[in-house]
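Presented below is the structure to which this report refers.
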Amino acid sequence: MRLSLSEIRANATRFAAEWKDAASERAEAQTFWNEFFAVFGVRRRSVASFEEKVRNVKARYDRIDVFYSGVMIGEHKSRGEDLSAAASQAFDYVQSLTREGRGDEAPRFVVVSDFARMAIYDLEAKDPGEPVATFNTAKLHENIKHLGFLSGYATRPVDPEDPINIEAVEILGRLHDTLEKGGYAGPKLERFLVRVLFCLFAEDTGIFDPGAFTSMVEETHADGRDLGAMLARLFDVLNTDKAERPTTLTDELKDLPYVNGDLFAENLGFADFSKSMRDALLACCRLNWSKISPAVFGSLFQSIMAGDEGKKKRRQIGAHYTSERDILKLARSLFLDDLRAELAACGKDKKKLAAFQTKLASLRFLDPACGCGNFLVVTYRELRLLELEAVWALHGDERAQERLNLDAWLKVDVDQMHGIEIEEWPARIAEVAMWLIDHQMNQRVGEAFGQPVLRLPLKKSAKIHVGNALRTDWNTVLPAAKCSFVLGNPPFVGAKYQSDAQREDMDRVCKGIKNAGLLDFVCGWYIVASTYIRGTHVRCAFVSTNSISQGEQVGVLWPEMFRRGVKIHFAHRTFQWVSEARGKAHVHVVIIGFGTFDRSGKVVYDYPDIDADPIPVSASNISPYLVQGPDVAVANRSTPLCESPEIGIGNKPIDDGNYLFTADEMEAFVKAEPASKKFFRPWYGSEEFINGGHRWCLWVGEADPDELRAMPSVMQRIENVKRFRLASKSQPTRDIATSPTRFHVENIPRRRFLVIPKVSSERRQYIPMGIMEPSAMASDLLFVLPEATSFHFGVLTSEMHMAWVRQVCGRLKSDFRYSNKLVYNNFPWPQNVSDKQKAAVESAARAVLDVRASFKGQTLADLYDPLAMPKALRDAHADLDRAVDKCYRAAPFTSERARVEYLFELYQRLVTPLTAPGKGRKRKA
């Protein structure tokens, strides 16, 4: 078992006394290294070999003096020889290992000695060719901090994006697949892998002796026939108190700690291992698991669901694994920055420090969609780091004897963490990840105080409830009166992609909420949370898809949240979510912090670039669109809020395709019915208008009856339409069967008119709007503004209108779905525009159209491609944007957020009863 630092120092002192006058014969070197390992409580035979063969660049074999796979190379010279030459030799061995395909065995550390002196090299240091420490062997006891990789007191920052995490996913996935292929599957396999992970982690972090688990696996038969029985025996021993273990156990089993915590309690039986299964397990053993953060265990394990079924299941559950970077964004905003400031304010006041530590231990956290526990793991780690700072300030100056009470000084524990997870497998992973992060933090404390902390047997654990969070009373997991913070990353499942069971959950949660069918699945957590925290000072924060702060969902979710007393405390506006899992999904998310009470110090974190760091901006109040603004959600209006042209959808025939033709179809029809030619008109929808081309519409709604009767083919089409409408289940459709030459919706301006595509890619800086000739017909996939002028075109195709669109507009997949009732009718047009300002907009708008026209043969899709937009057109739009901006205010807008805040402030003024117009009126051109 791991020694305390005081024991290691005592061993090092004895070692130095014995070897300081050693002879120079290399024959004694192996004894030197055996005793060197013993200083740190490491049995050399279990982890390291002598004279390890490795093929050099000349295809000859060299022999490594001491080889500890994946950890260190030891190279020995006779007394007085050059240690740097020994180090160079060791560096060559590292390269040879890589050339041989043994890169996973390449060590991080090199230790060289000539009995009297020692030098230590860290190959991951900034300058790996320079030793991190060189000292006389007699001073070993003063330099054990440089050998933490042997003592178990070394800590290493873990990079969540480290390639080693990818390697861990791959090798554990291979073990999973090999076992599953051999017939060991289902929940038993999942629990078995969790136990294996614990053992792998335990032998690399000092819970077990270094290499203890690996040695047991290696000692089984190469064909794997006795490996399953050995593991079953091992798991049973780990679940048995030392006092109750049989006296006949081998030393390696007898010395293992009693784990408890129900981790090893269930009898899983054991798999009938084969050679391939044993090889897969040994591959896992060769990885240094101390380098893997428990914060990424969730994505590591979930990534094992690698097949098509696994990916499909992940999508349906909505399981997206939030990166540690994004977890910390939420944690810092919700509680961590406040706690850090509070600790800093304690200074050296021990009374305040003690009170602060007590407060840390009193905090309770709930993640109601905890998955594999990533949020809880990171939260717990940060609490323990804060506690360590406080405890060091309280007790760091106390003598070694007093530090024997170190464990009693610690108050923060894993039972402060609570979670709800719908699946058994991730829930169990979360529990183990919590134990492992607890052990890592105990190592940090031990390193700081020089006294080991090992909380075994396990007595406390995180409470992870297996159940449906939308059907579970959260108070049964953690009473709201005891809860401090609710946090997490609820499932990302859009309204249209929910399973029948998920829709039932949403119907139950959203009962009485109008248009709740539009809500994403994540909204269910917001609604349940608002009920759970009502009347408390519990603070919540969720990572969510940004759709809940845009478009139609805002008007459904947030009025209900405000009715329940919710206030938004902080918000991270849209940024690129980063997953720890393989095949990173591309999701744009927000983080929203809220409670059922108001508080000062509200902050909006703005992301000018969705991949960049945020810019914090103070706010007196945060609107549901996550900008400075009132608690107001934009709802559908039947008429424009301001004096602006009426807008309507284009034509909707309801004709079963009888009146619509391709060019070839029209040509054939006209050939058979020449008199029909004059009734054909170009037909445009969003697709045709943006991407070029058009279809043809046979418009006979205003034709003379005698002309129609003279065209049998046309009459047949009219008859087809009548029959189609009569057969409809819709009464309004059957009603218009009596006038089959007319459309269900007709919008046919007599002069040039403005059109807005109903659907357009959000990648474009501007929605490609335009002017159409009266000879053309717009389908219902275009909005039509018959009375719009160049001024209206200028404002609608400006950055100001696009800022409004990006906030208020709904989405069709990731494309803008423009709405007349939600977007256009609520748009706050500039007020009190002077003739000069209006003329400037009109001139700039015409310039945009002129530049477009100069690019012959280019479609609007070509011209507004975000990567290939012509400079002339971009410059014309910039001029137009400046002209429109000046209609709103003299000062320029410096960001999208500034535009949105201004627009919502203006919107609020316009909808206030004292100033809002009674009816939408047409803006005079």
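Numbers here simply count residues along the sequence, with the first being 1.
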(request) Identify the two heavy atoms, one from Ile420 and one from Gly467, that lie closest to each other, and give their separation to 0.1 Å. (result) CG2-O, 3.6 Å

(message) For Phe192 together with Tyr184, are the ring centres under 6.0 Å from each other?
(response) yes

(request) Taking salt bridge (charged side-chain N to carboxylate O under 4.0 Å, His left out) as the test, write out the residues that go with Lys359, two or more places apart. (result) Glu342

(request) With sequence neighbours left out, write down each residue that passes ring-ring contact (aromatic ring centres under 6.0 Å, His included) with Phe485, or none if nothing qualifies. (result) Phe335, Phe365

(message) Under 4.0 Å between a side-chain nitrogen and a carboxylate oxygen: does that hold for Asp338 and Arg539?
(response) yes

(request) Working to the nearest 0.5 Å, report the span between CG of Leu436 and CH2 of Trp289. (result) 11.0 Å

(request) Go through the side-chain N and O atoms of Tyr532 and Asn475 and say whether any donor and acceptor fall under 3.5 Å apart. (result) no

(request) Output the distance between atom OG1 (Thr358) and atom CG (Leu363), rounded to the nearest 0.5 Å. (result) 11.0 Å

(message) Tell me which pairs pass salt bridge (Lys or Arg N to Asp or Glu O under 4.0 Å) where either residue lies in residues 563-572, with sequence neighbours left out.
(response) Glu560-Arg563, Glu560-Arg564, Lys567-Asp631

(request) Identify, with sequence neighbours excluded, every residue that meets salt bridge (charged side-chain N to carboxylate O under 4.0 Å, His left out) alongside Arg364. (result) none

(request) State, to 0.1 Å, how close Asn239 and Ala265 come at their nearest heavy-atom pair, and which atoms those are. (result) ND2-CA, 3.5 Å

(request) Would you name the heavy atoms of Ser623 and Ile568 that are closest together and state the gap between them? (result) O-CD1, 3.7 Å

(message) According to side-chain hydrogen bond (donor to acceptor under 3.5 Å, both in side chains), who are the partners of Ser333, at least two apart in sequence or on a separate chain?
(response) His572

(request) Could I get the full list of side-chain hydrogen bond (donor to acceptor under 3.5 Å, both in side chains) partners for Arg573, not counting sequence neighbours? (result) Asp606

(message) How long is the straight-line distance from CD1 of Ile527 back to CG of Leu470, given to the nearest 0.5 Å?
(response) 9.0 Å

(request) Check Thr596 against Gly535 and note the closest heavy-atom contact, atom names and distance. (result) OG1-N, 3.8 Å

(request) For Asp613, check salt bridge (charged side-chain N to carboxylate O under 4.0 Å, His left out) against everything at least two apart and list the hits. (result) none

(request) Could you tell me whether Arg191 atom CZ has more than 12 heavy atoms of other residues or ligands within 6.0 Å of it? (result) yes

(request) Could you pull out all residues at least two apart from Ala541 that satisfy side-chain contact (heavy atoms from CB on, under 4.5 Å)? (result) Leu330, Leu334, Phe570

(request) Could you tell me whether the side chain of Thr472 and the main chain of Trp474 form a donor-acceptor pair under 3.5 Å? (result) no

(request) Mind listing the closest non-hydrogen atom pair of Gln502 and Phe521 along with its distance? (result) CG-CZ, 3.5 Å

(message) Testing the basics here: between Pro368 and Val486, what is the closest heavy-atom pair and its distance to 0.1 Å?
(response) CD-CG1, 3.8 Å

(request) Can you spot which of Leu339, Ile327, Leu336 makes a side-chain contact (heavy atoms from CB on, under 4.5 Å) with Glu382? (result) Leu336

(request) Please name all residues satisfying side-chain hydrogen bond (donor to acceptor under 3.5 Å, both in side chains) with Glu180, sequence neighbours left out, ordered by chain then number. (result) none

(message) Using modelled atom types and a 3.5 Å cut-off, is there a donor and acceptor pairing between side-chain atoms of Arg381 and backbone atoms of Asp438?
(response) no

(request) Return the set of residues passing side-chain hydrogen bond (donor to acceptor under 3.5 Å, both in side chains) with Asp520 (not counting sequence neighbours), or none when no residue passes. (result) Thr545, Ser547, Gln553

(message) I need the Met506 CE to Lys511 NZ distance, nearest 0.5 Å.
(response) 15.5 Å

(message) Looking at Gln416 and Asp413, would you say the former's side chain and the latter's main chain have a donor-acceptor pair under 3.5 Å?
(response) yes

(message) Using only atom types and a distance under 3.5 Å, with no angle test, would you say the side chain of Glu387 pairs donor to acceptor with the backbone of Val412?
(response) yes

(request) Kindly write out the residues that satisfy salt bridge (charged side-chain N to carboxylate O under 4.0 Å, His left out) with Arg534, not counting sequence neighbours, or none if the list is empty. (result) none

(request) Would you mind telling me which of Phe264, Phe213, Trp435 makes a ring pair (Phe, Tyr, Trp, His ring centres under 6.0 Å) with Phe198? (result) Phe264

(message) Can you confirm if the aromatic rings of Phe597 and His569 lie within a centre distance of less than 6.0 Å?
(response) yes

(request) Please round to the nearest 0.5 Å and tell me the distance separating atom OG of Ser549 and atom OH of Tyr625. (result) 9.5 Å

(message) Could you measure the distance from the SG atom of Cys370 to the CE atom of Met417? Nearest 0.5 Å is fine.
(response) 12.0 Å

(request) Would you check, one step at a time, whether the test side-chain contact (heavy atoms from CB on, under 4.5 Å) holds for Arg195 with Val432? (result) CA-CA 9 Å; Arg195 292 181 183 183; Val432 174; over 6 Å; no

(request) Answer yes or no: is there a donor N or O on one side and an acceptor on the other, between the side chain of Glu421 and the main chain of Gly371, under 3.5 Å? (result) yes

(message) With salt bridge (Lys or Arg N to Asp or Glu O under 4.0 Å) as the rule and sequence neighbours excluded, what pairs involving residues 470-495 come up?
(response) Arg471-Asp505

